[in-house]
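What follows is a single structure, written as structure tokens, with notes after it.
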Number of protein chains: 2
Amino acid sequence: MGERGQGARFAPIERRRAYEQVVERIEQAVFSGALTPGERLPSERELMGQFAVSRSTVREALRVLESNGMVRSSPRDPRGPVILPFSPAHLHKSVTRLASVTELSLAELLQFRMMLEGSASFLATNRLAAGQATAEQLAEIEAAMDDMRAAEGRIEFGRADLAFHDAVARASGNSLVQVCTHAVHTVVLGIIEDKLDKAEDYARIAERTLGHHEQLIEAIRSGQGGVASRIARASLCDYYAEYLPEAERELLRTFAQGS
Amino acid sequence: MGERGQGARFAPIERRRAYEQVVERIEQAVFSGALTPGERLPSERELMGQFAVSRSTVREALRVLESNGMVRSSPRDPRGPVILPFSPAHLHKSVTRLASVTELSLAELLQFRMMLEGSASFLATNRLAAGQATAEQLAEIEAAMDDMRAAEGRIEFGRADLAFHDAVARASGNSLVQVCTHAVHTVVLGIIEDKLDKAEDYARIAERTLGHHEQLIEAIRSGQGGVASRIARASLCDYYAEYLPEAERELLRTFAQGS
DNA sequence: GAGGGCGAGCTGGTCGGACCAGCAGACCAG
DNA sequence: CTGGTCTGCTGGTCCGACCAGCTCGCCCTC
């Protein structure tokens with residue numbers, strides 16, 4: 001690759017800006033547990049004294065932390081900025097930007113969801129069989145299922161559906177899977193939002209979806225991880241295939257059946 | 001769940017802060033393509049005039065954009081802040097924070113990697129078979145493999161290994177898979193960094209890894225997607241199992257074989 | 001004693017001005 | 001074409017100021 005002397009690269013010189021150090025100190029305090037979600041930071045003027053920097057510097061640090069979703073400072077709240085619990089919102093933002101900047105197609109997002117939810121179903125099944133997942137988690141899934149059955153209208157159905165997928169992801173016991181599932185799911189919803197309205201035959205789609213979900217629950221309950229995984233994937237493929245260009249459907253179908 | 005009257009939620013009242021509007025305007029300019037990566041923003045003083053806000057406000061906006069990885073302002077660069085191409089760094093940061101804040105265990109990260117790389121291998125295989133993936137991508141994988149063989153020392157080997165996994169992810173044709181693979185891989189490396197040094201029998205591990213990778217390439221080449229997926233997962237499981245508590249290994253092994 | 005109204009005190013948001021160190025690019029000598 | 005110098009403007013940081021408004025404690029009413 002035309003590079004020279006890459007054996008001994010020099011580390012880039014980079015003086016650290018004051019506000020970055022403030023950010024790191026506060027981040028560290030949160031990570032180490034010295035500051036827990038719900039607690040509040042001192043006021044900007046107080047912080048300015050503690051760190052011995054100007055208020056501008058403190059504010060820039062707070063803006064960074066706020067943009068990272070670690071802190072929220074309500075305007076004119078005398079109690080100071082509050083430490084936020086971790087939320088997948090940040091991850092959601094990352095994925096959304098990835099989707100809007102790069103040519104991240106719907107097909108890629110769906111592949112990703114199939115992968116996530118297939119694995120989640122598999123893991124949930126095996127954890128349940130091994131007694132690591134609680135019966136409560138299965139009950140949650142079934143409760144979400146009931147909500148879907150009872151749902152009236154597309155919006156309510158969509159909400160219940162999201163809850164169902166979330167419940168399965170939660171049962172996987174893997175919080176990364178869970179967070180990503182939710183994030184990507186909402187991104188997909190944002191993309192097909194407009195197309196969804198035009199979808200004719202909503203009742204038929206709901207019917208099919210319910211059928212898939214019932215099969216999924218059955219597979220999970222009976223400990224058939226592989227089957228559960230395949231059903232989860234096939235369900236997604238079935239549900240969204242119509243929004244895809246013909247050329248991309250084939251690979252998705254293969255992915256749904258395979259592995 | 002115990003929610004009441006969720007049908008008609010009120011939109012949260014929230015006056016928009018000036019710097020947030022500046023952020024959005026600039027973001028929009030980037031998303032719409034009016035500003036492309038590599039171009040430069042006007043100087044802070046210029047921006048302050050254009051938006052008719054104070055420099056503090058402009059700076060806070062720039063700090064947010066910078067923290068989001070959309071812009072970088074080099075200290076005292078008279079040319080102004082530069083628009084950055086999208087990079088997975090932001091996603092990597094999200095995942096890293098997810099790993100440090102929540103009790104994201106190594107087991108969860110590994111499950112996630114097995115899922116990602118298993119799917120990537122499957123997709124790459126089928127894309128290759130369908131003529132959608134280029135032979136170049138396969139060649140890239142093999143080149144990375146050669147680098148691993150030629151690598152001397154743990155560090156160089158690790159770097160080549162990372163490149164290998166990246167190449168497979170790239171061949172999957174799914175940029176989300178690719179980005180996540182890289183992000184989670186580096187997070188895992190960060191976690192086991194210290195433990196890695198103590199690993200005895202480095203030569204044996206390298207040997208086994210090379211063997212797995214050879215099998216993987218063979219499976220990809222011969223169009224056996226399911227096999228490729230299983231090998232990829234098993235390889236990870238084999239490589240990292242020793243760092244896991246006994247109780248968590250079983251599920252991982254099941255996941256490696258199953259689906 | 002309990003509840004509601006009210007003011008004080010401080011907060012965050014924004015502004016304007018100021019200083020410094022240092023980079024890019026122009027300019028100049030070789 | 002090279003290497004050095006100069007300089008204008010930049011970003012980083014600081015200071016001081018003003019405003020609108022949220023909290024909280026005080027006080028008054030019932």
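Each chain gets a letter, A, B and so on, in the order the sequences are listed, and its residues count up from 1. Just so it is clear, the values below take in all heavy atoms, side chains as well, and ignore hydrogens, waters and symmetry mates.
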Nucleotide range of DNA chain C contacted by chain B, 5' to 3', under 4.0 Å to a heavy atom? C/dG13 to C/dG25

Salt bridge present between A/R63 and A/E60 (N-O < 4.0 angstrom): no

Quick one: side-chain contact (heavy atoms from CB on, under 4.5 Å) partners of B/Q28, sequence neighbours excluded? none

Report the residues that fulfil ring pair (Phe, Tyr, Trp, His ring centres under 6.0 Å) with B/H182, sequence neighbours left out, ordered by chain and then residue number. none

Please name all residues satisfying salt bridge (Lys or Arg N to Asp or Glu O under 4.0 Å) with B/R127, sequence neighbours left out, ordered by chain then number. none

Among residues at least two apart in sequence or on other chains, which ones pass ring pair (Phe, Tyr, Trp, His ring centres under 6.0 Å) with A/H90? B/H90

Check nucleotides 8-10 of chain D for protein N or O atoms closer than 3.5 Å to its own N or O atoms and list the pairs.
| residue | atom | partner | partner atom | Å |
| --- | --- | --- | --- | --- |
| D/dT10 | OP1 | B/S43 | OG | 2.9 |
| D/dT10 | O3' | B/D77 | O | 3.3 |

May I have all residue pairs that pass salt bridge (Lys or Arg N to Asp or Glu O under 4.0 Å) and include part of residues 25-39 of chain A, sequence neighbours excluded? none

Kindly write out the residues that satisfy side-chain contact (heavy atoms from CB on, under 4.5 Å) with B/R79, not counting sequence neighbours, or none if the list is empty. B/R40, B/D77

Five pairs per end, C1' atoms only: what is the angle between the end axes of the helix from C/dG1-D/dC30 to C/dG30-D/dC1, to 10 degrees? 10°

Run the side-chain contact (heavy atoms from CB on, under 4.5 Å) test against B/L244 and tell me which residues pass, sequence neighbours left out. B/L106, B/A107, B/L110, B/E248, B/R249, B/L252

What residues 55-73 of chain A contributes to the DNA chain C interface at heavy-atom separation below 4.0 Å is A/R55, A/R59, A/R63, A/S73

Cut-off 3.5 Å, side chains only: do B/Y19 and B/R59 have a donor facing an acceptor? no

With no hydrogens and no angle check, do the side chains of B/N68 and A/S67 hold a donor and an acceptor under 3.5 Å apart? yes

Set of side-chain contact (heavy atoms from CB on, under 4.5 Å) partners for A/R76, sequence neighbours left out: none

Heavy-atom nearest pair, A/Q50 first then A/P42, reads NE2-CG, 3.9 Å

